[in-house]
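Just the heavy atoms: all of them, side chains too, but no hydrogens, waters or symmetry mates, feed the values below. Chain letters run A, B, ... following the sequence lines, proteins first, then strands; residues in each count from 1.
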Amino acid sequence: MSEMGESSVTVAEAVKSSRSGRIRVRRAGTAQDPVLGTLMFAPAVLYLLAIIGVPFVLAFIYAFSDIRIGSNTIHFVGLANFRSVIQSPSFKVALQNSFIFTIFSQIVVIIGSTILAIALENAFRGRGIIRFLILLPWVAPISLGAIGWKWILDSLYSVINWVLVAVHLYKPYSAPMWLGEPHLAMASVILVHSWRLLPFSTVILLAGLTAIPKEIPEAAEVDGAGFWRVLFEITIPMMLPIISVAVLFGIIFTFTDIAVVYILTAGGPFDSTQVLPSLAFFTGILSGDIAAGAAISLFLVPLLVIIAYLMLRVAARAEVS
Amino acid sequence: MAVVETRGLSKVFKEGEPGAVNNVSLKTNEGEFLVFLGPSGSGKTTLLRMIAGLEYPTAGEILIGGQVVNRLSPRERRIAMVFQSYALYPHLSVYKNIAFPLKAQKVAKNLHRQKVEWAASLLGIGGLLERKPRQLSGGERQRVALARAIVREPSVFLLDEPLSNLDAKLRASAREELERFHKRVGTTTIYVTHDQMEAMAMGDRIVVLNKGIVRQLGSPKEVYDEPADTFVATFLGSPPMNLLESGEVILGFRPEQFVPAALSGTNAVPLNLRLEVIEYLGAEWILSGSLAGGRFDGKNVVARLASAQSFEIGKVYDFAVPERELKFFDRTSGKRTPAQALSWQ
């Protein structure tokens, strides 16, 4: 309350001082002009409404209708779409895969980015270049990166297999089919997606790590703790709020991602890497059953709402402490 | 308990730049309270951090209890340190903060509670054990930091400006408490501060540092009364020692020794003070002005008096300094020189 009181005083002061002819540049921005403010804000709101709001509302409408590509009429069918979607075997597989894909990639990303953040925290020769290289997968377009991986994991031209054969771990033509065997395909998709999320998570954790005052791990060292005890009892617990922010962002990025799965495996082999977003795309757009596709994609909404809520709560708590 | 010794200790952070600590050799006494005093950037914290093992020396040796510890990690040195920010573990309760060193040094688990309670009661924080550091006041945090330091009964205490984050009132009582605490535990303690009052009040001996060099090591009385050079002379004392330059000599005397001629007794050097500013500080008066006539005509001086009600600004008064209170310094090196005969006119 008192803060608000203070700020209103400053506004009043600014008005008074501008009336009296003195120009105070620093306070110019606090002048309240509702028209200008709305205008400045409008592009962001319009963008959100057009790209996210309208499709979201459409998805709701479609999910409760019988619309298909090319149909001229639209009828309300209640929960029929959801019922049939739940009963379809490929939906069950995709739901399960979505969880596997998300959980395992988050485990890989958090372990990897924690190690990277700790390794990159202290200055060493060439740290700038390594930080740049680690950031690259995030900056590069995901489609390009994924196509690169598609070739790296290709059944005939895979460089990994070439190396495995060259060092005599495998005989030619018996090397693993990275994207052709269900378990390997899932592992490949998870690892490529982790590769892509790693930089983002690393940057978040680095920010959290540098926010820990140097004296605290030093005090732990003087208190007699070795590297591992400082790491697991001091540094990581102190990073937990920021780690949970990174995880929650990662979960949202992963649950809603389609690019890696679509480019690498297109959900195959035999739906073994099919996730909810890709299934929604294949059902709704490629097979033309828009209503079913919308119903599938809406299954994610309640889950993502919960995660977004948790994210905001964790972020708020991290600010306080 | 142990003795800490440094031999020719130096620390250069960046090659080509002047070192943060230069060739420091000193030795504590058993159970002593030794203060590192110096302005910011004097290298006192770097010196302490090298002793703690948080900074690796560029040259020289550190000995704790007669053993060279250069290559030992902080945990192997068996020291305890209290940081300026206290560096409490924010995610742990007060109890767990204090128990952390016990856990880290693998003290038998069944002794933890007893030792934590002992340390906490020694510092009067027994009622705060379940709190988190952010729920504590500044003074309470400082006590937790001290309790965490004493709980494993270290051989040496290192304290890095532990009072500087407290407000003025709390600082005075915390200082007394620390003194009493040191008397009770009797552990060799090295205390870093930039506050000369703290240094004078608490130190058995004071190491005055500037630019990484030890300017003087002595008891509070020695460094105050017999400063080794002009840096020590002006760093200690508020207002600092009056320094008058002339020829090859710098002459120094404390403001409280510069008194009206009538009060100075025999064997005093007479000087005329043209009074320019009078400051009333409650218990004392600070008189500033310049000398009138003689060899040091026009030089600024400060006098500190218990009472100065009858003085008027702009007038010239007869003042004097007892001869034995005059300190002589070499003009080029700033070092102390023996007293010498000086023509005053």
Cut-off 4.5 Å, heavy atoms of chain A, and the answer for B:R49 is side chain

Ranking A:P237, A:A219, A:G226 by heavy-atom pairs under 4.5 Å to chain B gives rank one to A:A219

So does B:R71 have more than 12 non-hydrogen atoms from other groups sitting under 6.0 Å from CZ? no

Counting N and O atoms only, with roles assigned by atom type, does the side chain of B:H91 sit under 3.5 Å from a partner on the main chain of A:E233, one being a donor and the other an acceptor? yes

Should we say atom CZ of A:F104 is surrounded by more than 12 heavy atoms from elsewhere, each under 6.0 Å from it? no

Electrostatic pair A:D223-B:R75, nearest N-O below 4.0 angstrom: no

If you draw a 6.0 Å radius around CZ in A:F124, do more than 12 non-hydrogen atoms from other residues or ligands fall strictly inside? yes

Looking at A:F255, I'd like to know if its CZ atom is crowded, meaning that more than 12 non-hydrogen atoms belonging to other residues, nucleotides or ligands lie closer than 6.0 Å. yes

Just wondering, are more than 12 heavy atoms of other shown residues or ligands nearer than 6.0 Å to CZ in A:R131? yes

Quick one, A:M238 and B:P90 - any side-chain contact, counting heavy atoms below 4.5 Å? yes

For B:R77, is it the side chain, the backbone, both, or neither that has a heavy atom closer than 4.5 Å to a heavy atom of chain A? neither

So with a 6.0 Å cut-off around CZ of A:F132, is the heavy-atom count from everything else above 12? no

Atom group of B:K132 that falls short of 4.5 Å from chain A, counting heavy atoms: neither

Going through the distances and angles, do A:I234 and B:F100 end up as a side chain to side chain contact (heavy atoms under 4.5 Å, CB included)? CA-CA 10 Å; A:I234 305 295; B:F100 187 84; 3.7 Å; yes

Non-hydrogen atoms of A:G224 and B:Q105 that approach each other most closely: CA-NE2, 3.8 Å

Under 4.5 Å, counting heavy-atom pairs only, tell me which of A:V222, A:L240, A:V230 racks up the most with chain B. A:V222

Let's go through A:E218 and B:M81 carefully: what are the C-alpha distance in whole Å and the side-chain angles of both, what is the deciding distance for side chain to side chain contact (heavy atoms under 4.5 Å, CB included) to 0.1 Å, and is it a yes or a no? CA-CA 10 Å; A:E218 280 179 357; B:M81 182 160 171; over 6 Å; no

Are more than 12 heavy atoms from other residues, nucleotides or ligands located less than 6.0 Å from atom CG of A:L136? yes

Residue, of B:P74, B:G53, B:A80, that accumulates the most heavy atom pairs under 4.5 Å with chain A: B:P74

At a heavy-atom separation under 4.5 Å, does B:L88 approach chain A through its side chain, its backbone, both, or neither? backbone

